[in-house]
**Q** 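Please find one structure pasted underneath; my questions will follow.
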Amino acid sequence: MKNIQKLSVLFLCFTVFSCSENTDDEMTHTDPPVPVVTISYKEKAKQTFDLIQQNYKINSTGLYLENFPKQTGDRESSYLWSLDGLLSGVNQLKAIGYKDQKLNEPFLALEKYYDTQRLPSAYPAYPVQYGLEDRFYDDNAIVALDLIEDYEITKNQASLDRAKKIAEFSITGENNIAGGGMYWVEQYRNKPESDNCNKAVCASAFTTTYLLKLYQITKDEEYLKFAKRIYQWLTTTMKDPVDNLFWNDIRIRDNYINKTKWTYNAGAMISNNVLLYEITKDEAYLAEAKTIAASSFTVFTRRVNNQVFFPDHDSWFNVCLFRGYLDLLKHAPIAQNYVNIFISNADYAWENARNSYGLFFEDWSGIKSGRDKWLLQQAALIEIYGRIAILKGEKE
């Protein structure tokens with residue numbers, strides 16, 4: 001990447017951490033300070049998008065690579081999940097005010113995934129030109145969130161209409177088995193003998209989020225009722241009573257609960273409680289959002305070189321937690337502490353966690369490169385820099 005500009009890392013002190021002041025006030029040299037060259041967050045977001053367009057875009061098909069450089073075993077294009085991460089980033093660039101026509105290309109690519117042959121229509125995991133593959137309820141919920149956000153930014157009615165169509169698909173993934181909740185994959189919902197037949201927190205939590213947003217826009221009570229049913233299942237069946245975070249899934253065959261916890265599920269549930277608070281004005285929801293936020297910060301952060309970092313894996317998952325913190329920040333100033341740590345992580349990654357192509361390590365502390373070739377991990381950086389830019393009032 002040409003002329004990557006440097007930004008000094010800002011180390012923040014919070015009341016929850018101890019900070020020591022430098023008491024040495026003697027001048028040790030007389031050299032003038034080196035001027036700090038800064039680059040705005042909106043520019044970081046756009047430069048990261050441009051880097052992805054340069055390296056991942058497949059001009060012959062309008063699709064994107066799953067990895068750059070392309071890896072052994074990679075298919076013709078990216079999976080839907082990776083493209084979705086790019087859509088989230090593009091939305092932030094549009095919200096900042098960028099008008100580059102290339103910002104429309106990821107949404108044009110999305111149309112190549114839309115399956116109208118199986119009803120209700122929805123998005124399978126791979127472009128339909130290569131065959132009809134599994135349709136994941138979590139993928140579709142996340143795409144619906146991006147479409148709703150696109151509508152909120154651009155007022156594109158087609159995006160809102162498509163999100164409503166996804167709701168018709170989502171309803172097919174809910175039943176009372178295992179107490180309720182959403183299946184993970186459409187193709188396995190009637191195959192209880194399979195390990196892939198499970199009710200998943202990711203599908204359930206993100207479906208709840210987009211349904212609540214649809215309700216805020218349309219005031220259609222059916223969306224709110226659907227969302228509340230799933231929310232109830234999440235909080236009664238899949239929440240760890242010890243730390244108030246959420247397990248991963250419950251297998252239908254034997255009701256085995258996979259107790260792995262991920263940052264993205266915590267982030268989605270913070271957002272859901274904030275949304276329910278905004279809709280109902282019930283303070284209990286806001287209190288729950290604060291509880292999940294505090295616990296997620298305690299459970300998921302670590303110290304590296306005396307700096308606090310979120311997990312060294314799954315950048316996109318972590319950015320989903322950042323979204324939750326931003327939603328909470330609208331109503332609870334305590335969330336600023338969590339947001340500031342994320343900002344310092346993103347600052348550090350820009351300077352210290354990039355490979356020879358300028359692409360970001362999965363570990364933002366710069367220790368491990370991880371899956372630094374994966375489109376999803378790179379797209380997460382567009383989103384976080386874009387959201388920081390919006391938070392700080394940077395506009396085109």
Side-chain angles (χ1 to χ4, degrees), residues 84 120 122-123 135-148 163-186 188-190 196-241 244-252 255 257-280 282 284-286 288-289 291-292 296 317 320-321 323-324 327:
D84 172 72
Y123 293 93
R135 304 196 297 189
F136 289 74
Y137 288 103
D138 60 329
D139 280 358
N140 278 272
I142 296 163
V143 169
L145 281 171
D146 286 325
L147 291 167
I148 291 168
K164 292 177 182 178
K165 296 295 291 184
I166 293 174
E168 296 176 18
F169 171 71
S170 292
I171 197 69
T172 69
E174 185 206 21
N175 63 25
N176 291 326
I177 295 175
M182 296 289 299
Y183 285 98
W184 181 39
V185 192
E186 177 190 32
Y188 289 94
R189 65 187 175 185
N190 295 319
N196 288 328
C197 183
N198 61 56
K199 296 290 186 73
V201 166
C202 58
S204 302
F206 285 111
T207 297
T208 301
T209 309
Y210 93 79
L211 289 172
L212 291 172
K213 287 180 176 287
L214 276 181
Y215 171 74
Q216 286 181 319
I217 294 169
T218 67
K219 303 306 179 186
D220 185 334
E221 290 288 336
E222 292 305 311
Y223 293 135
L224 182 58
K225 291 176 184 177
F226 188 4
K228 283 186 171 181
R229 288 197 307 270
I230 306 170
Y231 174 89
Q232 185 65 24
W233 176 80
L234 285 161
T235 55
T236 59
T237 305
M238 300 305 293
K239 184 170 75 169
D240 185 340
N244 295 293
L245 298 181
F246 293 80
W247 297 312
N248 190 67
D249 63 76
I250 182 169
R251 191 166 60 201
I252 299 305
N255 286 330
I257 294 178
N258 175 353
K259 294 190 175 182
T260 306
K261 295 168 184 171
W262 299 104
T263 49
Y264 74 148
N265 288 331
M269 290 307 294
I270 294 169
S271 294
N272 289 337
N273 278 284
V274 170
L275 287 165
L276 283 165
Y277 167 69
E278 292 174 348
I279 291 167
T280 68
D282 186 340
Y285 290 121
L286 183 58
E288 180 70 2
T291 298
I292 298 169
S296 65
F317 284 19
C320 290
L321 179 57
R323 293 180 201 169
D327 286 341

**Q** Between N248 and K259, is there a side-chain heavy-atom distance shorter than 4.5 Å?
**A**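 Counting from C-beta outward, K259 and N248 never come under 4.5 Å.
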
**Q** If you measure only the distance, is there a donor-acceptor pair under 3.5 Å linking the side chains of N175 and Y183?
**A**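 Distance-only check passes for N175 and Y183.
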
**Q** Quick check: closest heavy atoms across N198 and R251, and the distance to 0.1 Å?
**A**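 Taking N198 first and R251 second, the nearest heavy atoms are CB-CA, 4.0 Å.
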
**Q** With rounding to the nearest 0.5 angstrom, report the NZ to CG distance, K213 to L211.
**A**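 Spacing of NZ (K213) from CG (L211) equals 12.0 Å.
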
**Q** Using a 6.0 Å distance limit plus a 45 degree cone around the ring axis, check whether K219 lies over the aromatic ring of Y215.
**A**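 Yes, a cation-pi geometry holds between K219 and Y215.
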
**Q** Can you name the nearest heavy-atom pair linking Y137 to V185, along with the distance?
**A**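 That closest heavy-atom pairing would be CE1-C, 3.9 Å.
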
**Q** If you measure from NZ on K164 to CG on L147, what distance do you get to the nearest 0.5 Å?
**A**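 Between atom NZ of K164 and atom CG of L147 there are 12.5 Å.
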
**Q** Would you say W233's side chain and S204's backbone share a donor-acceptor pair under 3.5 angstrom?
**A**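 No, W233 side chain to S204 backbone: no donor-acceptor pair under 3.5 Å.
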
**Q** Any carboxylate oxygen within less than 4.0 angstrom of a Lys/Arg side-chain nitrogen, looking at K261 and D240?
**A**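 Between D240 and K261 there is a salt bridge, with a charged N closer than 4.0 Å to a carboxylate O.
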
**Q** How long is the span from the CG atom in L214 to the CD atom in E222, to the nearest 0.5 Å?
**A**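 Reported value, rounded in 0.5 Å steps: 13.0 Å.
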
**Q** Do the non-hydrogen side-chain atoms of D282 and Y277 ever get within less than 4.5 Å of each other?
**A**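 Of all side-chain heavy-atom pairs linking Y277 with D282, none is under 4.5 Å.
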
**Q** Kindly compute the distance separating OG (S296) from CG (N265), expressed to the nearest 0.5 Å.
**A**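 The distance works out to 11.5 Å.
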
**Q** Less than 4.5 Å apart, side chain to side chain, heavy atoms only: is that true for L321 and I270?
**A**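 With C-beta onward as the side chain, the pair touches.
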
**Q** Looking at F169, is its backbone amide N or carbonyl O close enough to the side chain of R135 to form a donor-acceptor pair, meaning the two atoms are under 3.5 Å apart?
**A**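 A pair under 3.5 Å: no.
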
**Q** So do K165 and P120 actually touch side chain to side chain, heavy atoms under 4.5 Å?
**A**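 Side-chain contact under 4.5 Å: no.
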
**Q** Within the distance-only criterion (no hydrogens, no angle test), does the side chain of N272 pair as donor or acceptor with the backbone N or O of T209 below 3.5 angstrom?
**A**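 Such a contact is found between N272 side chain and T209 backbone.
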
**Q** Which one of N273, T236, T208 satisfies the side-chain hydrogen bond (donor to acceptor under 3.5 Å, both in side chains) criterion with Y231?
**A**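 The residue from N273, T236, T208 that satisfies side-chain hydrogen bond (donor to acceptor under 3.5 Å, both in side chains) with Y231 turns out to be N273.
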
**Q** Report yes if the side chains of Y285 and T280 come closer than 4.5 Å at any heavy-atom pair, otherwise no.
**A**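 Sidechains of T280 and Y285: in contact.
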
**Q** Could you tell me whether a side-chain N or O of T237 sits under 3.5 Å from a main-chain N or O of L234, the two making a donor and an acceptor?
**A**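 Pair absent, no side-chain N/O of T237 close to backbone of L234.
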
**Q** If you measure from CZ on F246 to CD1 on I292, what distance do you get to the nearest 0.5 Å?
**A**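 Rounded to the nearest 0.5 Å, the CZ-CD1 separation comes out at 4.5 Å.
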
**Q** Before you tell me yes or no, could you show the steps for T218 and Y223 under side chain to side chain contact (heavy atoms under 4.5 Å, CB included), namely the whole-Å CA-CA distance, both residues' side-chain angles and the distance that decides it to 0.1 Å?
**A** CA-CA 9 Å; T218 67; Y223 293 135; 3.5 Å; yes

**Q** With salt bridge (charged side-chain N to carboxylate O under 4.0 Å, His left out) as the criterion, how do E288 and K239 come out once you've worked through the C-alpha distance, each side chain's angles and the decisive distance to 0.1 Å?
**A** CA-CA 12 Å; E288 180 70 2; K239 184 170 75 169; 2.8 Å; yes

**Q** Are D327 and S271 close enough that a side-chain donor and a side-chain acceptor fall under 3.5 Å?
**A**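 Yes - a donor-acceptor pair under 3.5 Å links their side chains.
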
**Q** I need the minimum non-hydrogen distance between D249 and M238, along with the two atoms involved.
**A**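 Reported closest heavy-atom pair: C-CE, 3.5 Å.
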
**Q** Determine whether W184 and F136 satisfy the following criterion, ring pair (Phe, Tyr, Trp, His ring centres under 6.0 Å), listing intermediate values before the conclusion.
**A** CA-CA 6 Å; W184 181 39; F136 289 74; 5.2 Å; yes

**Q** Would a 4.5 Å heavy-atom cut-off, applied to side chains only, mark D139 and Y123 as touching?
**A**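 Result no, sub-4.5 Å side-chain heavy-atom pair not found.
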
**Q** Quick one: closest heavy-atom pair of A167 and F226, and the distance?
**A**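 Answer, listing the atom of A167 first, then F226: O-CE2, 4.5 Å.
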
**Q** In Å, rounded to the nearest 0.5 Å, how long is the span from OH of Y210 to CG of N140?
**A**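 One finds 7.5 Å between OH of Y210 and CG of N140.
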
**Q** Does any N or O in the side chain of K199 come within less than 3.5 Å of the main-chain N or O of G180, such that one atom is a donor and the other an acceptor?
**A**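 Yes: the side chain of K199 pairs with the backbone of G180.
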
**Q** Taking T263 for the side chain and F317 for the main chain, is one N or O donor matched with an acceptor at less than 3.5 Å?
**A**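 Yes: the side chain of T263 pairs with the backbone of F317.
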
**Q** For A144 versus A163, what's the shortest heavy-atom pair and its separation?
**A**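 So the two residues come closest at O-CB, 4.2 Å.
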
**Q** Mind running side chain to side chain contact (heavy atoms under 4.5 Å, CB included) on K228 and L276 for me, showing each step along the way?
**A** CA-CA 9 Å; K228 283 186 171 181; L276 283 165; 4.2 Å; yes

**Q** Side chains of N244 and T291, heavy atoms from C-beta outward: is any pair under 4.5 Å?
**A**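 Yes. Closest side-chain heavy atoms under 4.5 Å.
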
**Q** Determine the sole option in D138, I148, I166 for which the side chain to side chain contact (heavy atoms under 4.5 Å, CB included) test with V143 is passed.
**A**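 Testing each of D138, I148, I166 against V143, the sole residue satisfying side chain to side chain contact (heavy atoms under 4.5 Å, CB included) is I166.
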
**Q** Check whether any side-chain heavy atom of R189 sits under 4.5 Å from a side-chain heavy atom of T172, and report yes or no.
**A**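 Heavy-atom side-chain distance check passes, below 4.5 Å.
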
